[in-house]
Number of protein chains: 2
Amino acid sequence: MTGVVRKISSARWDSPIVARLRQFIDLGAAEVDTLRALIECELSVERRRDLVVDGYEYSKLSFIKEGFAARYKLLRNGRRQIINVMVPGDIIGLPGSFLDQATFSVIALTDIKLEVCSLEGFVAVCHRQPRFGLMLTWLAVQEAMSYADRVVDIGRRTPVERLAHFLLEIHGRLVLVGASTETSFDLPISQEVISDALGLSVPHLNRMFAKLRTEGLITITDRRIQFIGKKALCLLAHFQPARVARIPTVQPLKHELIA
Amino acid sequence: MTGVVRKISSARWDSPIVARLRQFIDLGAAEVDTLRALIECELSVERRRDLVVDGYEYSKLSFIKEGFAARYKLLRNGRRQIINVMVPGDIIGLPGSFLDQATFSVIALTDIKLEVCSLEGFVAVCHRQPRFGLMLTWLAVQEAMSYADRVVDIGRRTPVERLAHFLLEIHGRLVLVGASTETSFDLPISQEVISDALGLSVPHLNRMFAKLRTEGLITITDRRIQFIGKKALCLLAHFQPARVARIPTVQPLKHELIA
DNA sequence: CAGGCTTTATGATTCAAAGTAATGCTTCTG
DNA sequence: CAGAAGCATTACTTTGAATCATAAAGCCTG
């Protein structure tokens, strides 16, 4: 593959992960190339297949290109808690690959397409191009933020609020990678999954869906969510989207280089 | 400050953050120096003082040297959810400093001592010494992991299990920085705080403490927790400590340097 | 040392969410 | 096309945690 070919192909490469990164960093064409070169293979996985299994080592960073997945933990008593629902642009293996062995599993909620690169390869690049290390940091921070939101959700919000918040959050992340319109989006996952994400039982979640519908805040047709009163919904959910800061661009000073 | 003086002082510098970092990376003396040089000042803050306030910008990385703190969110209805309790070695401003404005507050639960460095300064160093960028990534991942544990805790564990898990987790983190013995530790925070961390009411949390006590799993004397049946406690809590992987040490290849 | 404040402890009551179960609707599959 | 499986929905029961109430015990602080 020549540099020219790569340049063209990178121009065409509109992977959701790139959209994610551009939120907080300006990527040069060369950097997009580097990132693209890191991808070892593309992977298609069918619905219900586990991508990462709790207790086993995983050392890849897999960028979700298409489809939904969920990071979850299965407890001894058979209960399942979904840590977060993952959409295009999210990364499988963050944080799992940074542990001796994964402590959570990841399952494909729909058929899914991944772009896989090895963590070791990525780290190697970080040594030469420090900006990649920072990107990884920023992504990890976003990951942490998303879990933190879920903690607040489950810990101190009422079930309706939780559901509203969940819908708004997913929507926001889909908008970011251009996978949804301003007021509606496809949510191709079952209520059982959502209930495990929100720490509710299926019947109760169903009631909460009904509540949002009867209160005229959303409509659902064929697993497509449409926001009717987005303002009211945001208010109900205490939804305040967090904006990531951009990575500061710093010119190393001469004397710092010596120190 | 001469290099020699700094070297000596760094040898004596046993900040908890260094212990944290050594979990997953071998720090050379020079790197410890660099890290130490990043610290702009030490700060002592008294109990109950807010260190970070939701809605305001914060752009520091403050390493906790002594004392306990909590990252929390206050909701409109007055309810508070504590995202995590922070102990020596933890970092205030991770993740808050990576956002345009913090979305959580951080409060000192005890009198506390901090080592403060600016995020910008740290990032500047990352550009020259990529290993620092990776450290930051690893720390952010640990942060995410700790939140994820809390999600599982609150979402799908029973109140007793939650409490047991919480105690074991805090204990593990204290051991890491040498602030606790094998079977006991000081927990200088009120039950109100713990209840806000676990998403329970104070009376109910109190009952759960009573339960652990009457079942002979712990004793509490003067805010010092002692594990009696640590095995049984771990079993009850489904506690499985996650071990971070070490940062892979990669030698950049010649041809990679050209690419 | 007294008085006020915080913290821990415990009981009684209420209410919300889990559990259980049954039904209809859709979609997959042989 | 028929049977099966999966999913959404509703009704009913039970459980368990929040809430309210109170009191004892520390502990700062004037």
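Chain naming here is simple, since letters A, B, ... match the order of the sequence lines and numbering starts at 1 in each.
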Report which part of the nucleic acid B:Ser201 touches: base, sugar-phosphate, or nothing (heavy-atom distance under 4.0 Å, all strands).
base
Side-chain donor-acceptor contact under 3.5 Å, A:Arg157 with B:Gln81:
no
Rounded off to whole Å, could you give me the NZ-to-P distance for the A:Lys211 and D:dT9 pair?
16 Å
Return the value, rounded to whole Å, for the distance between atom CG of B:Leu198 and atom P of D:dG16.
19 Å
B:Leu109 CG to C:dT6 P: how many Å, rounded?
16 Å
Residue A:Ala210, side-chain atoms from C-beta onward, closest of D:dA8, D:dT10, C:dT6:
D:dT10
Nearest-angstrom distance from the residue atom NE2 of B:His204 to C1' of C:dT13
15 Å
Mind checking A:Pro203 for me? I need base, sugar-phosphate or nothing, with any heavy atom below 4.0 Å counting as a touch.
base
From the list D:dT9, C:dG19, C:dT8, which nucleotide is the closest neighbour of the side chain of B:Asn206?
C:dT8
B:Arg79, nearest nucleotide to its side chain (from D:dT19, C:dA17, C:dT8)
D:dT19
How do A:Arg156 and A:Val202 order along DNA chain D: which one's closest nucleotide is nearer the 5' end?
A:Val202
Measure from CZ on B:Arg157 to P on D:dG16 and round the result to the nearest Å.
19 Å
What orientation do B:His171 and B:Phe227 show, parallel under 30°, tilted 30 to 60°, or perpendicular over 60°?
perpendicular
Nearest listed nucleotide, side chain of B:Gln191, among C:dT7, D:dT9, C:dA9:
C:dA9
Rounded distance (Å) that lies between atom P of D:dC7 and atom CG of A:Asp196
12 Å
Would you kindly give the CZ-to-C1' distance between B:Arg223 and D:dC27, to the nearest whole Å?
11 Å
Is there a side-chain hydrogen bond (donor to acceptor under 3.5 Å, both in side chains) between B:Arg71 and B:Ser105? Walk through the geometry before answering.
CA-CA 6 Å; B:Arg71 179 172 287 119; B:Ser105 303; over 6 Å; no
Report the residue (A:Arg162 or B:Ile220) whose heavy-atom-nearest nucleotide on DNA chain C is the more 5′ of the two.
B:Ile220
In whole angstroms, how far is the P atom of D:dC7 from the CG atom of A:Leu187?
14 Å
Salt-bridged, A:Arg36 to A:Glu115, with N to O below 4.0 Å?
no
Nearest to the side chain of B:Arg207, which nucleotide is it out of C:dT8, D:dG6, C:dA12?
C:dA12
By nearest-heavy-atom nucleotide on DNA chain C, the more 5' of A:Asp222 and B:Arg213 is B:Arg213
Considering every strand and a 4.0 Å limit on heavy-atom distances, what is the contact class for B:Arg47: base, sugar-phosphate, or nothing?
sugar-phosphate
Could you measure the distance from the CD atom of A:Glu169 to the CG atom of A:Asp149? Nearest 0.5 Å is fine.
5.5 Å
